[in-house]
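Before any comments, here is the structure.
When a ligand or atom number is given, it counts from 1 through the structure's own listing order. It should be emphasised that the depicted structure is a prediction, and the values quoted were computed from it without experimental measurement.
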Amino acid sequence: MSEPESFALLNDYSITVPPRHAVVHSAAEAVTAAETIGYPCVAKILSPDITHKSDAGGVQTGIHTPEELRASIATIQKNIHERAPDAAITGFVIEEQAPPGLELYIGGKRDPAFGPVVTFGTGGTLVELEHDITMRVAPPVSKEEAAGMVRSIRHYPQLAGYRGTASLDEAALSDAIQQVSALFTNRPEVAELDINPPLVLYTDGLCAVDARVLIRPPAAAPALSRPPPLPENLFFGSRIALVGASANPPKKIGYIVLRNLLTFSGTVYPVNPKGGTIFGKTVYPSLADVPPEQPDAVIVTVPNTVVPQVMRDAGVRGIPLAIIITSGFRETDREGGALLEQEVEAIAQEYDIRYTGPPNCLGLQVPPRLSLNATFDPPKSPRIGHTAFISQSGAIITTLVDWSLSRDIGFSAVFSVGNQTNIDFVDYIRFAAADAYTRTIVLYIEEIRDGRRFFEEAAKVTPPKKPVIAIKAGRSAVGGQQAAASHTGSLAGSYEVYEAAFQQAGIIMAHNLSDAFSLAMLLGSEGYPQGNRAVVISIAGGFCVLASDYAEQHGIQMAPPLSDALLAEMNAFMLPGWSRQNPPIDMVGDAGVHRFALTFDALIRHQEEWDIAFVVSVPTATIDPPVHLATEMARFSRHTDKMVVGCMIGGGESMTAGVRVLREAGIPNFEELEDAFRAAGAAVRREEELKKHL
Ligand code: COA
């Protein structure tokens, strides 16, 4: 859109633009127009070929006289000829110069996964450098959300009145954000919008002194006819057929899957035209030959061309779930492979079969209830635990399960989502949310296809009790940014949009697997902290200092000075030299388990003074064996509903038994002190972000 058209659009949405402006085609016309508009005024290039007018030297401000105006028009023409020689000059816009105010920025774009995204932040020429922005997906943005956006930027104190300056018109700003959100909802042809340079905010009102609007024919709504929700017991069947079961060790996938299925508590029916027996189990020549009880699921490990026939056979038998491990579809062959994939989809629809993959599906594991490892990797099943891991990468599953075994980390379920043609993240999240064994959900995501549906469903799971933690790959990807013509595009890259959507839905974003599982362990056992006041209990001065540093770094507040009553109780059993200038509570190096226990008792009696307790222990002769301290920590945790975080540091042999006692008591332990603060900080931040945005 040209600038006058953009102004007209903003006007329609009650966003103030310079009221006096005119399009002219020569210096003489400019001077005539300025007689009505008044001085000082601004002259800008009008060209369909120039998006960033200032960068091309197409904007002149602070024009006070007709002579200056003529000179400015000449300067603009010269700049354009030099910097953008191919650009057509269709005219100039002359507008009154808005008085100075706080320069801000509002924009929006349509994200391929999440749809409209509204962005707000500090504006002006440093907008990219400052990167002080916030965004919301899935408008319409409510009044409260818009106000929350305003409050959430770093420079908010400037708006609220900083060092004696008057507070600015926050209400007008919130309204403008809401209006931009409404504009994106009502005008599907608006692809990007950018009010920068800038939106100027005053003590009373605001003015959008420029606007770039990119129009694109609206994309046809994706024909995503979603199948109905998964039946609740879909993954808890007791009879599984494996088509492509093989007796050929050691590397045949059909062999490995069958071997992994041997732990399954239900019945497995191997299927292979050769018949015979494998691992002592009767092999059936086809699905039709499997005994009359209908299998609950079929795992498919036959070559790609055979998959449609297997799906048809499964349909005839009324099998509701297929786990298709086979690859060789659209991902390898855009023609033949894609056709095969469509055929599979059509058969699934015809027979009402829900399926995972193809391609990229490793299978699934449901350890606690079924001892089910329906994958061709890893050879060892994960330990039983309370975290459901839902991953778009099979390789990350195998690596992670291997890693988890040595760390005593367990899973309630592990799902490989494949390419999400049929069963997708939302289905798995819903399943994990309803599963009694699952307390936390960890997602490894490369791409979400229907972002809005994902966002809405995840938001239903996160608030009450099941924390969802996500690792999103592709931070460095520029795909979402390449096509962007405006600042909005570059500010709201695809990773940032995911970040915003996750935050809105209450999902915690982790930057690596280790952080994700630390957090899952913490939240799975302790739930969300009730507040942000932490106490640190330790005998190691060095770690007390580090704890203070880490707390500050990760947004944990050390509790305010403990009350006189609590201090008096602790004075009774501490040595005279203990650190009274709490927190942290440094009990001095000779403290044994008994002094820890007495401190725990005092903290239990004064629970209203703190929200999170970090218990820091090091290998030392006074706490030998550490298992005694672990037992006391378990008692401490049992008698408080506050978050208790174990920091038996070092991970050496001397700590092993103690750490195990903590695990059995459901207390998270961190071998690295900073990991404990990072995890607790992420949990605290999530609560604060939610409050800020609502
Ligand atoms: N019904 C039952 N079994 C059949 C069959 C049918 N209609 N047609 C063939 N089979 C059997 C074969 O006889 C063979 O068994 P055998 O070892 O006893 O001969 C078995 O199914 C497998 O067929 P085969 O032709 O040997 O294929 P393969 O084992 O070399 O490869 C796949 C099959 C599925 C493993 C392979 O096509 C593939 O997709 N590999 C990649 C898997 C992958 O990486 N997935 C993504 C993970 S993230």
Contact (N/O only, under 3.5 Å) between [X] and ligand 1:
| X | answer |
| --- | --- |
| Ile325 | yes |
| Asn304 | no |
| Thr301 | no |

Looking at the rings of [X] and [Y], which for Trp means the six-membered one, are their centres under 6.0 Å apart?
| X | Y | result |
| --- | --- | --- |
| Phe677 | Phe670 | no |
| Phe455 | Phe502 | no |
| Tyr437 | Phe411 | no |

Could you identify the single nearest non-hydrogen protein atom to [atom] and state the distance to 0.1 Å?
| atom | answer |
| --- | --- |
| atom 39 (O) of ligand 1 | Ser327 N, 2.7 Å |
| atom 17 (O) of ligand 1 | Ser246 OG, 2.7 Å |
| atom 7 (N) of ligand 1 | Val306 CG1, 3.3 Å |
| atom 48 (S) of ligand 1 | Asn360 C, 3.7 Å |

Can you check which of [options] brings a heavy atom nearest to [atom]?
| atom | options | answer |
| --- | --- | --- |
| atom 25 (O) of ligand 1 | Gly363, Gly357, Pro303 | Pro303 |
| atom 46 (C) of ligand 1 | Cys361, Gly394, Ser393 | Cys361 |
| atom 30 (O) of ligand 1 | Lys274, Lys251, Lys252 | Lys252 |
| atom 6 (C) of ligand 1 | Leu362, Thr398, Ile397, Val302 | Val302 |
| atom 14 (C) of ligand 1 | Asn272, Asp313, Val300 | Asn272 |

Separation of Gln342 CD from Leu340 CG (nearest 0.5 Å): 9.5 Å
Could you tell me, atom by atom, which parts of ligand 1 come under 4.0 Å of a heavy atom of [X]?
| X | answer |
| --- | --- |
| Val243 | 1 (N), 2 (C) |
| Val271 | 2 (C), 3 (N) |
| Gly244 | 2 (C), 3 (N), 20 (C), 21 (O) |

[X] touching ligand 1 at heavy-atom level, < 4.0 angstrom:
| X | answer |
| --- | --- |
| Pro273 | yes |
| Gly254 | no |
| Phe376 | yes |

Atom 33 (C) of ligand 1 within contact range, any protein heavy atom under 4.0 Å: yes
Donor-acceptor under 3.5 Å (Asp333 side chain, Arg330 main chain): no
Salt-bridge contact Arg660-Glu664 (side-chain N to carboxylate O under 4.0 Å):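 Between Glu664 and Arg660 there is no salt bridge, as every charged N stays at least 4.0 Å from the carboxylate O atoms.
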Asp515 bridged to Arg678 by N-O distance under 4.0 Å: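 A salt bridge links Asp515 with Arg678.
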Answer side chain, backbone, both or neither: which part of [X] comes under 4.0 Å from ligand 1, heavy atoms only.
| X | answer |
| --- | --- |
| Gln309 | neither |
| Thr326 | both |
| Ala395 | neither |

When you compare the side chains of [X] and [Y], does any donor N or O come within less than 3.5 Å of an acceptor on the partner?
| X | Y | result |
| --- | --- | --- |
| Thr440 | Thr387 | yes |
| Glu499 | Gln503 | no |
| Glu526 | Tyr528 | no |
| Asp402 | Thr399 | no |

Plane angle bin for Tyr428 and Phe235 - parallel if under 30°, tilted between 30 and 60°, otherwise perpendicular: parallel
Whether Phe389 and Phe517 hold their rings parallel, tilted or perpendicular, with breakpoints at 30° and 60°: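 Answer is perpendicular, since the angle exceeds 60°.
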